[in-house]
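All remarks here apply to the structure that follows.
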Amino acid sequence: MTDGPSFDHAPGSRTAYVTLVTNRDYVLGATALLRSLRRTETEADLVVLCTPGVYDDDLAALSPFSPRLGHCERLPTSQAFNERHERGRLHKAAPFTKGGKPSFHTPLDNLAKLRLWQLEEYERVVFIDADALVLQNCDKLFEFPEFCAAPNVYESLRDFHRLNSGVFTARPNKATYGKMLEVLDRPDSFWCRTDQTFLEHYFPGWHGLPVFYNMLQYVWFNLPDLWSWQQIHILHYQYEKPWQAGHDKTDRLKPLIDLWQAFATGEGIPADTTLLPGPSEWADQKAS
Ligand code: UDP
Ligand code: MN
């Protein structure tokens, strides 16, 4: 297969953290993510897959973190498949009732993350969405098998049945990539949550990571007892993004948004995030 991501320099490790950006907004996300990853002193490569929707000027913001940029196209899915998964149609067929998706989120773009299986120069990779922060070193995940992901927990026990595809472990392999494309794009196939629904289907025996490897921001207000700064390794801003101007949960998520801003700008990053106040302490401090 010759359509894999192209890089301008060789890998520096057999392991990599991989993320994806298909437009300027997610480059912003990746800036904070990469800064957070460098802070954990990992020796794995940091790989950013980027599609032609991203301009070189925007990508320049990532250069202080020395990522390997992998330029690639979206997946070569059929026109009928693309039409079925077009933003307006998907939102209508499978409405998002539990949170809001920003206008810059294009469902089909998510699927480009499957290209990490083309990166055979790496033995093991950990994928992380561009809207996440790594707060503690996660290199242990490279020892985990394919395919591990945390449950999609942000509301109730029912959430444990499903995985969240914002963080997962994988072993790049072009044969796997080829098989995935075959399964993905069949007549009438419809993946209501794109890569997430697909990966759950493709790896029915997925292994569960502790929720602290992909702590979803809504846990802060929906399941505050589960919050533990001491244990959170990856914080994931699912639904509304912390750089979105004035979304409807900015008040409720303020401390998490402030934390993301610190990583985005490099100013005011707490020396030790394990000591931050949890949801009830924060509410008490606010009230007093
Ligand atoms: N993504 C992207 N452009 C898009 C949609 C998604 O680059 O238009 C990438 C980005 O890495 C993002 C991930 O795919 O973090 C998944 O999308 P998102 O995080 O918005 O979904 P959520 O976590 O809210 O379900
Ligand atoms: Mn995400």
Side-chain angles (χ1 to χ4, degrees), residues 5 16-34 36-37 46-55 58-59 61-62 67 69-75 77 82 85-88 90-91 94-116 125-134 149-155 159 162-168 170 191-200 211 213-220 234-244 247-249 253 256-257 260 263-264:
Y17 290 100
V18 181
T19 193
L20 166 70
V21 297
T22 70
N23 61 42
R24 198 175 167 274
D25 275 281
Y26 287 98
V27 177
L28 268 176
T31 310
L33 172 64
L34 294 192
S36 74
L37 273 163
L46 306 188
V47 171
V48 178
L49 298 178
C50 43
T51 58
V54 188
Y55 298 105
D58 295 328
L59 289 172
L62 301 179
L69 295 178
H71 294 274
C72 58
E73 298 291 330
R74 293 210 310 204
L75 295 187
T77 42
N82 297 349
H85 294 85
E86 181 274 320
R87 186 182 156 93
L90 184 140
H91 281 240
F96 290 88
T97 54
K98 299 184 169 175
K101 287 283 188 188
S103 57
F104 51 77
H105 176 271
T106 304
L108 261 180
D109 285 10
N110 290 13
L111 289 167
K113 66 172 81 163
L114 301 185
R115 286 202 181 275
L116 68 80
V125 306
V126 170
F127 178 85
I128 307 179
D129 267 8
D131 58 345
L133 293 175
V134 175
N152 194 29
V153 172
Y154 59 89
E155 226 176 41
D159 301 336
R162 300 187 311 146
L163 64 80
N164 182 284
S165 59
V167 176
F168 60 84
W191 308 101
C192 64
R193 295 294 175 254
T194 59
D195 61 306
Q196 186 156 292
T197 327
F198 173 74
L199 288 167
E200 207 168 71
V211 288
Y213 282 95
N214 185 356
M215 180 67 19
L216 300 174
Q217 62 176 346
Y218 284 17
V219 171
W220 179 263
I234 301 179
L235 171 55
H236 181 187
Y237 296 79
Q238 103 290 12
Y239 290 125
E240 296 83 1
K241 303 306 167 214
W243 62 92
Q244 241 176 286
H247 64 67
D248 66 359
K249 295 184 184 72
L253 292 172
L256 306 191
I257 295 172
W260 185 88
F263 278 97

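We count ligands from 1, going down the list as the structure has it; atoms in each ligand are counted the same way. This structure is a prediction, so every number in the text was calculated from the model and none was measured. The first residue of the sequence shown is numbered 1, and numbering continues consecutively from there.
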_I want to check something: taking the side chain as every heavy atom from C-beta on, are Val18 and Lys113 in contact at a cut-off of under 4.5 Å?_
no
*Given atoms OD2 of Asp131 and OD2 of Asp129, what angle do they subtend at the Mn ion (ligand 2), to the nearest 10 degrees?*
150°
*Please say which of Thr31, Asp25, Asp131 ends up in a side chain to side chain donor-acceptor pair (under 3.5 Å) with Trp243.*
Asp25
*asked:* Is it the case that the side chains of Tyr218 and Lys249 hold a donor-acceptor pair, with the cut-off being a distance below 3.5 Å and no angle test?
replied: yes
*Under 4.0 Å from ligand 1 - residues by heavy atom, chain and number*: Leu20, Val21, Thr22, Asn23, Tyr26, Lys101, Phe104, His105, Thr106, Asp109, Asn110, Asp129, Ala130, Asp131, His236, Gln238, Tyr239, Lys241
*Measure from the side-chain N and O atoms of Asp58 to the backbone N and O of Val54, and report whether any donor-acceptor pair falls under 3.5 Å.*
no
*asked:* Could you tell me if the side chain of Leu33 sits less than 4.5 Å from the side chain of Tyr26, heavy atoms only?
replied: no
*Backbone of Pro52 reached by a side-chain donor or acceptor of Glu73 within 3.5 Å*: no
